[in-house]
Amino acid sequence: MSACVERIPFVQIRLQVHRVSRRLGNRCLRLTWPISAGLMLLLSVPAIGVAMLFGARLLPRWRSGQNGRPFLEYTMVNSLGQPLPLLGPLPQLWNAVRGDVALVGPQARCLGKLDMRSETARRISSVAPGLVSTWFLRTRTNVAYDSQADTDLQYLDSHSLLADLGIAARALVAIAYGGAPRKVRQTAEILGLPLDNLTLAEAIDEIVRPSAQVRQVSFVNVDCVNKSFNDPGYRNVLLTSDLRLADGIGLRIGGRLLGNEIRQNVNGTDLFPGLCKRMEQEGLGLFLLGGRPGVADDVAAWMRKCYPRIQVAGTQDGYFRTEEEGVIVERINQSGAAILLVALGAPGQEKWIRRNRHLLQVRSALGVGGLFDFYAGRIPRAPQWLRELGLEWTFRLYQEPGRMWRRYLAGNVVFLARVLVERWKLK
Ligand code: UDP
(Lines give C-alpha, C1' and ligand atoms only; values in the text may rest on other atoms or scores of the structure.)
Protein backbone atom coordinates (compact mmCIF):
# COMPACT_ATOMS: atom_id res chain seq x y z
CA MET A 1 0.00 0.00 0.00
CA SER A 2 1.52 3.34 -0.98
CA ALA A 3 2.10 5.97 1.70
CA CYS A 4 -0.22 8.52 0.05
CA VAL A 5 -3.18 6.13 0.38
CA GLU A 6 -2.44 5.36 4.06
CA ARG A 7 -2.74 9.08 4.90
CA ILE A 8 -6.34 9.43 3.68
CA PRO A 9 -8.70 8.80 6.67
CA PHE A 10 -11.69 7.79 4.51
CA VAL A 11 -9.58 5.20 2.70
CA GLN A 12 -8.30 3.91 6.07
CA ILE A 13 -11.86 3.40 7.33
CA ARG A 14 -12.80 1.59 4.13
CA LEU A 15 -9.70 -0.61 4.39
CA GLN A 16 -10.55 -1.42 7.99
CA VAL A 17 -14.15 -2.38 7.10
CA HIS A 18 -12.81 -4.50 4.27
CA ARG A 19 -10.31 -6.28 6.56
CA VAL A 20 -12.97 -7.06 9.19
CA SER A 21 -15.45 -8.11 6.52
CA ARG A 22 -12.80 -10.37 4.96
CA ARG A 23 -11.97 -11.99 8.28
CA LEU A 24 -15.63 -12.52 9.14
CA GLY A 25 -16.59 -13.65 5.64
CA ASN A 26 -16.03 -17.37 5.83
CA ARG A 27 -16.82 -17.80 9.49
CA CYS A 28 -20.10 -15.86 9.55
CA LEU A 29 -21.44 -17.43 6.42
CA ARG A 30 -20.44 -20.90 7.58
CA LEU A 31 -22.12 -20.34 10.98
CA THR A 32 -25.33 -18.54 10.08
CA TRP A 33 -26.02 -20.00 6.69
CA PRO A 34 -26.72 -23.56 7.87
CA ILE A 35 -29.43 -22.22 10.21
CA SER A 36 -31.36 -20.51 7.44
CA ALA A 37 -30.58 -23.40 5.10
CA GLY A 38 -32.10 -25.78 7.67
CA LEU A 39 -35.30 -23.76 7.70
CA MET A 40 -35.43 -23.67 3.92
CA LEU A 41 -34.71 -27.38 3.79
CA LEU A 42 -37.69 -28.06 6.02
CA LEU A 43 -39.88 -26.02 3.68
CA SER A 44 -38.47 -27.75 0.63
CA VAL A 45 -39.24 -31.29 1.88
CA PRO A 46 -42.89 -31.08 0.74
CA ALA A 47 -41.76 -29.53 -2.60
CA ILE A 48 -39.33 -32.39 -3.22
CA GLY A 49 -42.02 -34.91 -2.20
CA VAL A 50 -44.48 -33.49 -4.75
CA ALA A 51 -41.84 -33.44 -7.53
CA MET A 52 -40.91 -37.09 -6.83
CA LEU A 53 -44.57 -38.02 -6.97
CA PHE A 54 -44.52 -36.73 -10.57
CA GLY A 55 -41.58 -38.91 -11.62
CA ALA A 56 -38.59 -36.77 -10.60
CA ARG A 57 -35.67 -38.55 -8.98
CA LEU A 58 -32.55 -37.70 -7.04
CA LEU A 59 -29.26 -37.92 -8.92
CA PRO A 60 -26.26 -38.46 -6.61
CA ARG A 61 -22.82 -37.10 -7.56
CA TRP A 62 -19.53 -37.12 -5.69
CA ARG A 63 -18.04 -33.66 -5.31
CA SER A 64 -14.74 -32.36 -4.08
CA GLY A 65 -15.11 -30.25 -0.93
CA GLN A 66 -12.76 -28.16 1.18
CA ASN A 67 -9.18 -29.52 1.01
CA GLY A 68 -10.37 -32.14 -1.49
CA ARG A 69 -12.66 -33.92 1.03
CA PRO A 70 -15.31 -35.85 -0.94
CA PHE A 71 -19.02 -35.33 -0.31
CA LEU A 72 -22.19 -36.60 -1.95
CA GLU A 73 -24.45 -34.04 -3.60
CA TYR A 74 -27.99 -34.73 -4.87
CA THR A 75 -29.80 -32.99 -7.72
CA MET A 76 -33.49 -33.42 -8.62
CA VAL A 77 -33.73 -34.56 -12.24
CA ASN A 78 -36.58 -35.44 -14.61
CA SER A 79 -36.98 -38.80 -16.36
CA LEU A 80 -34.39 -37.69 -18.99
CA GLY A 81 -31.82 -36.99 -16.28
CA GLN A 82 -32.05 -33.18 -16.75
CA PRO A 83 -32.04 -31.00 -13.61
CA LEU A 84 -35.50 -29.64 -12.77
CA PRO A 85 -35.79 -25.85 -13.15
CA LEU A 86 -35.58 -24.14 -9.70
CA LEU A 87 -36.27 -27.39 -7.76
CA GLY A 88 -33.16 -29.16 -9.15
CA PRO A 89 -30.57 -27.82 -6.67
CA LEU A 90 -32.92 -27.83 -3.62
CA PRO A 91 -31.46 -31.05 -2.11
CA GLN A 92 -28.08 -29.29 -2.01
CA LEU A 93 -29.33 -27.28 0.95
CA TRP A 94 -28.70 -30.48 2.88
CA ASN A 95 -24.98 -30.13 2.04
CA ALA A 96 -25.09 -26.61 3.45
CA VAL A 97 -26.63 -27.87 6.69
CA ARG A 98 -23.94 -30.55 6.91
CA GLY A 99 -21.24 -27.94 6.28
CA ASP A 100 -20.03 -29.53 3.02
CA VAL A 101 -20.64 -26.25 1.20
CA ALA A 102 -20.88 -22.56 2.12
CA LEU A 103 -23.46 -20.14 0.78
CA VAL A 104 -20.85 -18.54 -1.51
CA GLY A 105 -17.52 -19.97 -2.61
CA PRO A 106 -15.74 -21.41 -5.63
CA GLN A 107 -17.88 -23.63 -7.87
CA ALA A 108 -18.03 -27.23 -6.54
CA ARG A 109 -16.12 -29.62 -8.85
CA CYS A 110 -16.75 -33.31 -9.61
CA LEU A 111 -14.50 -35.49 -7.49
CA GLY A 112 -11.10 -35.99 -9.14
CA LYS A 113 -11.49 -32.99 -11.45
CA LEU A 114 -9.14 -30.83 -9.38
CA ASP A 115 -5.56 -31.99 -9.53
CA MET A 116 -4.58 -31.41 -5.90
CA ARG A 117 -0.87 -31.43 -6.83
CA SER A 118 -1.29 -28.05 -8.52
CA GLU A 119 -1.03 -24.80 -6.58
CA THR A 120 -4.21 -23.47 -8.25
CA ALA A 121 -6.26 -26.50 -7.15
CA ARG A 122 -4.90 -26.26 -3.61
CA ARG A 123 -5.85 -22.56 -3.43
CA ILE A 124 -9.33 -23.16 -4.84
CA SER A 125 -10.04 -25.95 -2.36
CA SER A 126 -8.61 -24.05 0.60
CA VAL A 127 -12.17 -22.81 1.24
CA ALA A 128 -15.48 -24.68 1.08
CA PRO A 129 -17.18 -24.66 -2.34
CA GLY A 130 -20.26 -22.47 -2.57
CA LEU A 131 -23.89 -23.16 -3.32
CA VAL A 132 -23.47 -20.15 -5.56
CA SER A 133 -20.27 -18.81 -7.06
CA THR A 134 -18.97 -16.04 -9.29
CA TRP A 135 -18.75 -18.65 -12.06
CA PHE A 136 -22.45 -19.51 -11.56
CA LEU A 137 -23.32 -15.80 -11.84
CA ARG A 138 -21.22 -15.16 -14.92
CA THR A 139 -22.39 -18.24 -16.83
CA ARG A 140 -26.01 -17.26 -16.18
CA THR A 141 -25.51 -13.78 -17.59
CA ASN A 142 -23.22 -14.99 -20.42
CA VAL A 143 -20.15 -13.03 -19.24
CA ALA A 144 -17.93 -15.98 -18.18
CA TYR A 145 -14.95 -14.90 -20.31
CA ASP A 146 -12.19 -16.30 -18.07
CA SER A 147 -11.71 -19.99 -17.30
CA GLN A 148 -13.52 -21.46 -14.30
CA ALA A 149 -10.23 -21.73 -12.38
CA ASP A 150 -9.30 -18.09 -13.10
CA THR A 151 -12.78 -16.96 -12.04
CA ASP A 152 -12.42 -18.87 -8.75
CA LEU A 153 -8.99 -17.32 -8.16
CA GLN A 154 -10.43 -13.84 -8.77
CA TYR A 155 -13.13 -14.64 -6.21
CA LEU A 156 -10.53 -15.80 -3.66
CA ASP A 157 -8.49 -12.62 -4.17
CA SER A 158 -11.39 -10.35 -3.33
CA HIS A 159 -13.83 -12.29 -1.16
CA SER A 160 -15.20 -10.86 2.06
CA LEU A 161 -18.48 -11.02 3.97
CA LEU A 162 -19.89 -8.04 2.04
CA ALA A 163 -18.69 -9.36 -1.31
CA ASP A 164 -20.18 -12.80 -0.55
CA LEU A 165 -23.53 -11.32 0.42
CA GLY A 166 -23.44 -9.29 -2.82
CA ILE A 167 -22.83 -12.46 -4.85
CA ALA A 168 -25.68 -14.25 -3.02
CA ALA A 169 -28.07 -11.36 -3.74
CA ARG A 170 -27.04 -11.24 -7.41
CA ALA A 171 -27.45 -15.01 -7.68
CA LEU A 172 -31.14 -14.58 -6.83
CA VAL A 173 -31.49 -12.29 -9.86
CA ALA A 174 -29.33 -14.53 -12.06
CA ILE A 175 -31.59 -17.51 -11.30
CA ALA A 176 -34.36 -15.61 -13.11
CA TYR A 177 -32.29 -15.71 -16.34
CA GLY A 178 -32.55 -19.51 -16.33
CA GLY A 179 -29.74 -22.08 -16.55
CA ALA A 180 -26.51 -21.58 -18.46
CA PRO A 181 -26.98 -22.17 -22.21
CA ARG A 182 -26.68 -25.88 -22.97
CA LYS A 183 -27.71 -26.84 -26.49
CA VAL A 184 -26.11 -24.13 -28.61
CA ARG A 185 -26.10 -24.12 -32.40
CA GLN A 186 -23.32 -22.67 -34.54
CA THR A 187 -25.72 -19.98 -35.71
CA ALA A 188 -28.52 -18.56 -33.57
CA GLU A 189 -31.20 -16.73 -35.53
CA ILE A 190 -33.00 -13.90 -33.76
CA LEU A 191 -35.75 -11.97 -35.58
CA GLY A 192 -34.31 -12.91 -38.95
CA LEU A 193 -30.69 -12.09 -38.09
CA PRO A 194 -28.40 -15.14 -37.99
CA LEU A 195 -25.76 -14.60 -35.27
CA ASP A 196 -22.40 -16.40 -35.12
CA ASN A 197 -22.56 -18.22 -31.82
CA LEU A 198 -18.90 -17.82 -30.86
CA THR A 199 -17.22 -17.31 -27.52
CA LEU A 200 -15.13 -14.19 -27.01
CA ALA A 201 -11.90 -16.18 -27.50
CA GLU A 202 -13.18 -17.80 -30.72
CA ALA A 203 -14.24 -14.39 -32.05
CA ILE A 204 -10.70 -13.03 -31.47
CA ASP A 205 -9.21 -16.05 -33.31
CA GLU A 206 -11.49 -15.35 -36.24
CA ILE A 207 -10.82 -11.57 -36.29
CA VAL A 208 -7.02 -11.88 -36.41
CA ARG A 209 -6.95 -14.78 -38.91
CA PRO A 210 -5.45 -13.69 -42.26
CA SER A 211 -8.09 -13.19 -44.91
CA ALA A 212 -8.03 -12.64 -48.68
CA GLN A 213 -10.64 -9.88 -48.42
CA VAL A 214 -11.63 -7.54 -45.61
CA ARG A 215 -13.75 -9.31 -43.01
CA GLN A 216 -16.61 -7.09 -41.79
CA VAL A 217 -17.42 -7.73 -38.12
CA SER A 218 -20.69 -6.36 -36.72
CA PHE A 219 -21.73 -6.44 -33.08
CA VAL A 220 -25.49 -6.83 -32.82
CA ASN A 221 -27.34 -5.66 -29.71
CA VAL A 222 -31.04 -5.06 -29.07
CA ASP A 223 -30.79 -1.50 -30.39
CA CYS A 224 -29.14 -2.73 -33.62
CA VAL A 225 -31.93 -5.29 -34.14
CA ASN A 226 -34.54 -2.56 -33.64
CA LYS A 227 -32.74 -0.17 -36.00
CA SER A 228 -32.48 -2.89 -38.65
CA PHE A 229 -36.30 -3.05 -38.80
CA ASN A 230 -36.52 0.62 -39.83
CA ASP A 231 -33.43 0.74 -42.04
CA PRO A 232 -33.32 -1.91 -44.81
CA GLY A 233 -29.85 -0.72 -45.90
CA TYR A 234 -28.45 -1.39 -42.42
CA ARG A 235 -30.26 -4.72 -42.20
CA ASN A 236 -28.68 -5.74 -45.50
CA VAL A 237 -25.20 -4.76 -44.22
CA LEU A 238 -25.76 -6.87 -41.09
CA LEU A 239 -27.05 -9.82 -43.12
CA THR A 240 -23.99 -9.73 -45.37
CA SER A 241 -21.38 -9.09 -42.66
CA ASP A 242 -18.79 -11.85 -42.32
CA LEU A 243 -19.27 -12.09 -38.56
CA ARG A 244 -22.34 -11.05 -36.54
CA LEU A 245 -21.68 -11.23 -32.82
CA ALA A 246 -24.39 -11.25 -30.14
CA ASP A 247 -23.89 -8.28 -27.81
CA GLY A 248 -25.80 -7.95 -24.54
CA ILE A 249 -28.21 -9.68 -22.19
CA GLY A 250 -31.21 -8.74 -24.37
CA LEU A 251 -30.14 -11.14 -27.09
CA ARG A 252 -29.51 -13.87 -24.50
CA ILE A 253 -33.12 -13.49 -23.29
CA GLY A 254 -34.47 -13.19 -26.84
CA GLY A 255 -32.50 -16.25 -27.94
CA ARG A 256 -33.76 -18.32 -25.04
CA LEU A 257 -37.38 -17.33 -25.71
CA LEU A 258 -36.98 -18.32 -29.36
CA GLY A 259 -35.15 -21.59 -28.62
CA ASN A 260 -31.90 -20.24 -30.10
CA GLU A 261 -29.47 -20.09 -27.21
CA ILE A 262 -26.69 -17.49 -27.30
CA ARG A 263 -23.41 -18.95 -26.07
CA GLN A 264 -21.71 -15.79 -24.78
CA ASN A 265 -22.15 -12.03 -24.65
CA VAL A 266 -19.53 -10.97 -27.20
CA ASN A 267 -19.35 -7.17 -27.17
CA GLY A 268 -16.54 -4.96 -28.43
CA THR A 269 -15.72 -3.46 -25.05
CA ASP A 270 -15.06 -6.83 -23.39
CA LEU A 271 -13.33 -8.16 -26.49
CA PHE A 272 -10.90 -5.22 -26.80
CA PRO A 273 -8.30 -6.17 -24.10
CA GLY A 274 -8.10 -9.77 -25.41
CA LEU A 275 -7.72 -8.46 -28.96
CA CYS A 276 -4.93 -6.07 -27.89
CA LYS A 277 -3.12 -8.89 -26.10
CA ARG A 278 -3.33 -11.11 -29.16
CA MET A 279 -2.18 -8.34 -31.51
CA GLU A 280 0.76 -7.58 -29.23
CA GLN A 281 1.75 -11.27 -29.28
CA GLU A 282 1.45 -11.53 -33.07
CA GLY A 283 2.96 -8.10 -33.82
CA LEU A 284 -0.13 -6.90 -35.70
CA GLY A 285 -1.03 -3.22 -36.06
CA LEU A 286 -4.36 -1.62 -35.08
CA PHE A 287 -5.91 1.55 -36.54
CA LEU A 288 -8.45 3.50 -34.47
CA LEU A 289 -11.00 5.51 -36.45
CA GLY A 290 -13.78 7.48 -34.74
CA GLY A 291 -14.76 9.36 -31.60
CA ARG A 292 -14.34 13.03 -30.79
CA PRO A 293 -11.00 14.69 -31.58
CA GLY A 294 -8.32 13.37 -29.19
CA VAL A 295 -10.36 10.39 -27.98
CA ALA A 296 -8.70 7.81 -30.28
CA ASP A 297 -5.29 9.17 -29.17
CA ASP A 298 -6.27 8.61 -25.52
CA VAL A 299 -7.26 5.03 -26.37
CA ALA A 300 -3.88 4.59 -28.08
CA ALA A 301 -2.17 5.85 -24.90
CA TRP A 302 -4.16 3.33 -22.82
CA MET A 303 -3.14 0.53 -25.21
CA ARG A 304 0.55 1.45 -25.03
CA LYS A 305 0.40 1.57 -21.24
CA CYS A 306 -1.29 -1.83 -20.87
CA TYR A 307 0.32 -3.59 -23.85
CA PRO A 308 3.77 -1.96 -24.20
CA ARG A 309 4.74 -3.84 -27.39
CA ILE A 310 1.46 -3.19 -29.23
CA GLN A 311 1.61 -1.42 -32.59
CA VAL A 312 -0.88 1.42 -32.83
CA ALA A 313 -0.78 1.90 -36.59
CA GLY A 314 -2.72 5.19 -36.55
CA THR A 315 -5.65 7.21 -35.22
CA GLN A 316 -8.28 9.48 -36.76
CA ASP A 317 -11.25 11.20 -35.12
CA GLY A 318 -14.75 10.47 -36.41
CA TYR A 319 -15.79 13.98 -37.40
CA PHE A 320 -14.67 14.31 -41.01
CA ARG A 321 -16.38 15.24 -44.28
CA THR A 322 -17.46 12.55 -46.77
CA GLU A 323 -14.98 14.00 -49.30
CA GLU A 324 -12.14 13.16 -46.90
CA GLU A 325 -12.99 9.44 -46.81
CA GLY A 326 -10.63 8.55 -49.68
CA VAL A 327 -7.64 10.16 -47.94
CA ILE A 328 -8.50 8.44 -44.65
CA VAL A 329 -8.77 5.03 -46.35
CA GLU A 330 -5.39 5.69 -47.95
CA ARG A 331 -3.89 6.54 -44.53
CA ILE A 332 -5.27 3.33 -43.04
CA ASN A 333 -3.78 1.27 -45.87
CA GLN A 334 -0.43 3.07 -45.67
CA SER A 335 -0.28 2.43 -41.91
CA GLY A 336 -0.06 -1.33 -42.53
CA ALA A 337 -2.77 -2.00 -39.93
CA ALA A 338 -4.14 -5.54 -39.80
CA ILE A 339 -7.26 -4.60 -37.83
CA LEU A 340 -9.42 -1.47 -38.10
CA LEU A 341 -11.79 -0.35 -35.35
CA VAL A 342 -14.49 2.06 -36.49
CA ALA A 343 -16.31 3.97 -33.73
CA LEU A 344 -18.85 6.19 -35.49
CA GLY A 345 -21.99 4.77 -33.81
CA ALA A 346 -24.44 2.29 -35.36
CA PRO A 347 -25.54 2.13 -38.13
CA GLY A 348 -23.15 4.76 -39.58
CA GLN A 349 -20.02 2.76 -38.78
CA GLU A 350 -21.30 -0.47 -40.36
CA LYS A 351 -22.32 1.45 -43.49
CA TRP A 352 -18.93 3.22 -43.60
CA ILE A 353 -17.09 -0.12 -43.51
CA ARG A 354 -19.34 -1.53 -46.22
CA ARG A 355 -18.84 1.54 -48.45
CA ASN A 356 -15.07 1.30 -48.18
CA ARG A 357 -14.52 -2.42 -47.75
CA HIS A 358 -13.37 -2.95 -51.35
CA LEU A 359 -10.70 -0.23 -50.91
CA LEU A 360 -9.38 -1.27 -47.49
CA GLN A 361 -6.41 -3.61 -47.05
CA VAL A 362 -6.92 -4.78 -43.46
CA ARG A 363 -7.80 -8.29 -42.28
CA SER A 364 -10.88 -7.26 -40.30
CA ALA A 365 -12.88 -4.06 -39.82
CA LEU A 366 -15.07 -3.87 -36.70
CA GLY A 367 -17.84 -1.39 -35.87
CA VAL A 368 -17.37 -0.72 -32.15
CA GLY A 369 -19.79 2.09 -31.16
CA GLY A 370 -18.89 3.81 -27.89
CA LEU A 371 -15.82 1.61 -27.13
CA PHE A 372 -13.30 4.48 -27.55
CA ASP A 373 -15.17 6.65 -25.04
CA PHE A 374 -14.80 3.92 -22.38
CA TYR A 375 -11.10 3.21 -22.93
CA ALA A 376 -10.24 6.90 -23.26
CA GLY A 377 -11.83 7.35 -19.83
CA ARG A 378 -14.36 9.84 -21.26
CA ILE A 379 -17.35 7.75 -20.11
CA PRO A 380 -16.97 5.41 -17.10
CA ARG A 381 -18.06 1.84 -17.68
CA ALA A 382 -20.63 0.13 -15.44
CA PRO A 383 -19.07 -1.65 -12.42
CA GLN A 384 -18.38 -5.38 -12.70
CA TRP A 385 -21.21 -6.32 -10.31
CA LEU A 386 -23.76 -4.55 -12.52
CA ARG A 387 -22.35 -6.25 -15.62
CA GLU A 388 -22.62 -9.61 -13.86
CA LEU A 389 -26.30 -8.89 -13.39
CA GLY A 390 -26.75 -8.22 -17.11
CA LEU A 391 -27.70 -4.63 -16.24
CA GLU A 392 -24.90 -2.63 -17.86
CA TRP A 393 -27.55 -0.84 -19.92
CA THR A 394 -29.13 0.67 -16.78
CA PHE A 395 -25.80 2.42 -16.11
CA ARG A 396 -25.74 3.89 -19.63
CA LEU A 397 -29.33 5.02 -19.09
CA TYR A 398 -28.35 6.68 -15.80
CA GLN A 399 -25.36 8.41 -17.49
CA GLU A 400 -27.26 9.82 -20.47
CA PRO A 401 -31.01 9.54 -19.75
CA GLY A 402 -31.95 12.14 -22.39
CA ARG A 403 -30.28 10.19 -25.22
CA MET A 404 -30.63 6.65 -23.94
CA TRP A 405 -34.26 6.37 -22.75
CA ARG A 406 -35.49 5.76 -26.26
CA ARG A 407 -32.79 3.15 -26.91
CA TYR A 408 -33.22 1.20 -23.69
CA LEU A 409 -36.65 1.84 -22.16
CA ALA A 410 -38.68 1.99 -25.36
CA GLY A 411 -36.25 -0.17 -27.37
CA ASN A 412 -36.18 -3.10 -24.95
CA VAL A 413 -39.99 -3.22 -24.82
CA VAL A 414 -40.27 -3.12 -28.63
CA PHE A 415 -37.63 -5.88 -28.96
CA LEU A 416 -39.32 -8.11 -26.39
CA ALA A 417 -42.71 -7.59 -28.05
CA ARG A 418 -41.22 -8.61 -31.43
CA VAL A 419 -39.64 -11.69 -29.86
CA LEU A 420 -42.90 -12.73 -28.21
CA VAL A 421 -44.83 -12.32 -31.48
CA GLU A 422 -42.17 -14.41 -33.29
CA ARG A 423 -42.38 -17.07 -30.57
CA TRP A 424 -46.15 -17.17 -30.90
CA LYS A 425 -45.83 -17.55 -34.72
CA LEU A 426 -43.34 -20.42 -34.30
CA LYS A 427 -45.77 -22.42 -32.15
N1 UDP B 1 -19.13 9.43 -33.48
C2 UDP B 1 -18.19 9.85 -34.40
N3 UDP B 1 -18.60 10.52 -35.52
C4 UDP B 1 -19.90 10.80 -35.75
C5 UDP B 1 -20.86 10.35 -34.80
C6 UDP B 1 -20.44 9.67 -33.68
O7 UDP B 1 -17.00 9.59 -34.24
O8 UDP B 1 -20.20 11.40 -36.78
C9 UDP B 1 -18.67 8.70 -32.30
C10 UDP B 1 -19.04 9.33 -30.98
O11 UDP B 1 -18.08 10.32 -30.62
C12 UDP B 1 -19.03 8.13 -30.05
C13 UDP B 1 -19.43 6.97 -30.95
O14 UDP B 1 -19.30 7.45 -32.27
O15 UDP B 1 -17.73 7.92 -29.59
C16 UDP B 1 -20.88 6.53 -30.78
O17 UDP B 1 -21.09 6.07 -29.52
P18 UDP B 1 -22.49 5.39 -29.15
O19 UDP B 1 -22.40 4.95 -27.74
O20 UDP B 1 -23.62 6.27 -29.52
O21 UDP B 1 -22.44 4.15 -30.15
P22 UDP B 1 -23.60 3.17 -30.53
O23 UDP B 1 -23.79 2.37 -29.30
O24 UDP B 1 -24.77 4.01 -30.91
O25 UDP B 1 -23.06 2.37 -31.67
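Just so you know, ligand 1 is whichever comes first in the structure, and atom 1 is the first atom listed for that ligand. Quick caveat, the model's predicted, so the values are computed rather than measured.
The nearest protein atom to atom 15 (O) of ligand 1, hydrogens excluded, is given as D373 OD2, 2.7 Å; this is a heavy-atom distance. For atom 13 (C) of ligand 1, the closest heavy atom belonging to the protein is G369 O, 3.6 Å. G318 O, 3.6 Å is the protein heavy atom nearest to atom 8 (O) of ligand 1. The closest protein non-hydrogen atom to atom 7 (O) of ligand 1 is G291 N, 2.8 Å.
Those atoms of ligand 1 that come under 4.0 Å of a heavy atom in G290, given as number and element, are 7 (O). Within the listing of ligand 1, atoms 22 (P), 24 (O), 25 (O) sit less than 4.0 angstrom from a heavy atom of A346. Ligand 1 places these atoms under 4.0 Å from at least one heavy atom of G370: 17 (O), 18 (P), 19 (O), 21 (O). Proximity to R403 (heavy-atom distance under 4.0 Å) selects the following atoms of ligand 1: 18 (P), 19 (O), 20 (O).
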Walk me through it: do N142 and Y177 pass the test side-chain contact (heavy atoms from CB on, under 4.5 Å)? CA-CA 10 Å; N142 273 18; Y177 289 125; over 6 Å; no
For side-chain hydrogen bond (donor to acceptor under 3.5 Å, both in side chains), just list the numbers for Y155 and D164, CA-CA rounded to whole Å, side-chain angles, deciding distance to a tenth of an Å, and then say yes or no. CA-CA 9 Å; Y155 162 77; D164 281 4; 3.0 Å; yes
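With no hydrogens or angles considered, no side-chain donor-acceptor pair links S125 and R109 at under 3.5 Å. Using modelled atom types, one finds no donor on one side chain facing an acceptor on the other under 3.5 Å when comparing Q281 with R278.
For the pair R292 and Y319, the cation-pi criterion (under 6.0 Å, within 45° of the ring axis) is not fulfilled.
Counting only heavy atoms from C-beta outward, the side chains of K227 and L238 never approach each other to under 4.5 Å.
Neither the backbone nor the side chain of E400 has any atom closer than 4.0 Å to an atom of ligand 1 (non-hydrogen atoms only). Of the heavy atoms in A343, only backbone atoms (N, CA, C, O) come closer than 4.0 Å to ligand 1. With a 4.0 Å heavy-atom cut-off, ligand 1 is reached by the side chain of R396 but not by its N, CA, C or O.
Among K227, R378, R407, the residue whose heavy atom sits closest to atom 24 (O) of ligand 1 is R407. The heavy atom nearest to atom 6 (C) of ligand 1, considering only V295, N221, L344, is found in L344.
Residue contacts with ligand 1 include Y319, since one of its heavy atoms falls under 4.0 Å from the ligand.
Dense packing is recorded around CZ of R357, with more than 12 heavy atoms of other residues, nucleotides or ligands lying under 6.0 Å away.
Put simply, the side chain of R423 gets close to the backbone of L257: a donor and an acceptor are under 3.5 Å apart. A donor-acceptor pair is defined here as one N or O able to donate and one able to accept, closer than 3.5 Å; such a pair exists between the side chain of R244 and the backbone of L239.
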